[in-house]
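Report on one structure; see the data block that follows.
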Amino acid sequence: MTETEIKKTTIVFMGTPDIASIVLESLHLENYPILGVVTQPDYKLKNKDEDEYISPVKKLALEKNIPIYQPQKLDDDFKKWLKNLSPDLIIVTAFGKIIPRDILEIPKFKSLNVHASLLPKLRGASPIQNALANGMNETGITIMLMDEGIDTGDILSQKSIIIDPQDDYITLTGKLAVAASSLILKTIPSWIDGSLAPTKQDSNGATMCQLIEKSDGKINWDEDAQDIYNKFRAFRVWPGIFTFWENKNNLQKLSLNQIIVEKDKLGEKHHLGEVFKYSENEVGVQTNSGVIILEKIQLAGKNETPVNDFLNGYPDFIGSILK
RNA sequence: CGCGGGGUAGAGCAGUUUGGCAGCUCGUCUGGCUCAUAACCAGGAGGUCGCAGGUUCAAAUCCUGCCCCCGCAA
């Protein structure tokens, strides 16, 4: 099969967030015929009259004049729409819904999933966040044939990525998106021409990651500073990390929007969760091992403020115990 | 009509319940001290108290309407 023939492979793309839109864009730039894009329905953000959440994938598709389908459910109507397009291949990247087997098998060349981990590690909904939260120093992209399980399909190709200690959700997503784009462009041709043999996953090494909940952002001060910092990196965009501060007999939510991790000073150890002057103009919170230096914090209902400004208004913050 | 917090000097906040001189910490400016400093001492500048209307002898404070910021929920 020639390269020109391969480039005629028609594709339906399914995905939602930024990383998906970057993969979609690279397919589009390579001139693959993209028959349609499937993405999550928009939803209105209340209290903000006109703001609507539109997925990055939808925005890109609108720009490129690609037909869009936003099904509430992957039902018969959706199946009809897809059969009507009759793509050669479906490519799924962070779509956000489980896709039934009969849909996956509609295209001649089946359905490929671009997953942001080195499978069988970190199967499931939040591989990027979990790689960071677990303090891993390597993750990657896996392209696999989809089956009815959650990220259990046979592997076609993988590419690993080193996680820098400074990486957070935003920077790591960027790196993974780049890797995902180049890997899918390499993988499609050898899959289509039959030169690539799928490999079964070793389910013994499998780990799962759950959908992230708001409450996952709550800090336990009896964890180590590095673990808390890893959570901060992982939940940077959502849900963030937060703790509670008792201000005038009110327990108020306090978000930590910018922090640094430090080792304990020799001979200095405070109560767990205690706020103290770490240095002349640094404010620290004691953890089980190490100190979290606060830089920018935000009290519920207030704007984000640098911690030193916060102290001007709330001098009692020093010496209090965060819960 | 989803629930709630907030808007007071450049920054962060008190004061509003019970109407009565516009406050605190930081920054900033001037002077002093000092080898020196983000330290210390003395002094100063900086306000339409979100906007509009109402009540009152008197409104940041009470009443009505509006604008804006944020947290929760979705």
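Chain letters run A, B, ... following the sequence lines, proteins first, then strands; residues in each count from 1.
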Atom [atom1] of [X] and atom [atom2] of [N]: how far apart are they, to the nearest Å?
| X | N | atom1 | atom2 | result |
| --- | --- | --- | --- | --- |
| A:L254 | B:C72 | CG | P | 12 Å |
| A:E280 | B:A38 | CD | P | 12 Å |
| A:Y314 | B:G15 | OH | C1' | 14 Å |
| A:K296 | B:A11 | NZ | P | 16 Å |
| A:L311 | B:G12 | CG | P | 14 Å |
| A:E213 | B:C72 | CD | P | 15 Å |
| A:D309 | B:A14 | CG | P | 14 Å |
| A:F242 | B:C70 | CZ | P | 19 Å |

I'd like the [atom1] distance from [M] over to [N], given in whole Å.
| N | M | atom1 | result |
| --- | --- | --- | --- |
| B:G43 | B:C72 | C1' | 48 Å |
| B:U30 | B:A45 | C1' | 10 Å |
| B:C51 | B:C68 | C1' | 10 Å |
| B:A60 | B:C41 | P | 34 Å |
| B:U56 | B:C69 | P | 35 Å |
| B:U37 | B:G32 | C1' | 15 Å |
| B:G4 | B:G23 | P | 34 Å |
| B:C49 | B:C21 | P | 15 Å |

For A:E304, which contact category applies under a 4.0 Å heavy-atom criterion: base, sugar-phosphate, or nothing?
nothing

For A:D216 and A:Q129, run side chain to side chain contact (heavy atoms under 4.5 Å, CB included): C-alpha distance rounded to whole Å, both residues' side-chain angles, the deciding distance at 0.1 Å, then the answer.
CA-CA 11 Å; A:D216 293 332; A:Q129 291 93 330; over 6 Å; no

G-U wobble or Watson-Crick pairing nucleotide for B:C40 (cut-off 3.5 Å, both distances)
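Base-paired to B:G32.
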
For B:C3, give its Watson-Crick or G-U wobble partner with both distances under 3.5 Å, or none.
B:G71

Atom of A:A133, atom of A:N230 and distance for their closest heavy-atom approach
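So the minimum-distance heavy-atom pair works out to O-CB, 3.7 Å.
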
Scanning both residues in full, the closest heavy-atom pair of A:I150 with A:R123 reads O-CD, 3.8 Å

Would you tabulate the nitrogen or oxygen pairs shorter than 3.5 Å linking the protein to nucleotides 5-9 of chain B?
{"residue": "B:G5", "atom": "N2", "partner": "A:G301", "partner atom": "O", "Å": "2.7"}
{"residue": "B:G5", "atom": "N3", "partner": "A:G301", "partner atom": "O", "Å": "3.4"}

Among B:A38, B:G12, B:A73, which is the nearest nucleotide to the side chain of A:K214?
B:A73

Winner on side-chain proximity to A:N303, out of B:A11, B:G71, B:C69, is B:C69

Residue met sooner reading RNA chain B from 5', once A:F310 and A:S255 are mapped to nucleotides
A:F310

Assuming nearest nucleotide by heavy-atom distance, tell me which of A:N281 and A:P306 is located more 5' along RNA chain B.
A:P306

Step-by-step side chain to side chain contact (heavy atoms under 4.5 Å, CB included) determination, A:W221 to A:I321:
CA-CA 10 Å; A:W221 293 106; A:I321 308 279; over 6 Å; no

Just checking, is any N or O donor in the side chain of A:Q40 or A:S55 under 3.5 Å from an acceptor N or O on the other one?
no

Could you walk me through whether A:N134 and A:L122 pass the side chain to side chain contact (heavy atoms under 4.5 Å, CB included) check?
CA-CA 11 Å; A:N134 295 338; A:L122 300 179; 4.2 Å; yes

Is there a side chain to side chain contact (heavy atoms under 4.5 Å, CB included) between A:V38 and A:K97 once you walk through the steps?
CA-CA 11 Å; A:V38 185; A:K97 279 194 166 88; over 6 Å; no

Using a 4.5 Å cut-off on heavy atoms from C-beta on, say whether the side chain of A:K73 contacts that of A:F78.
no

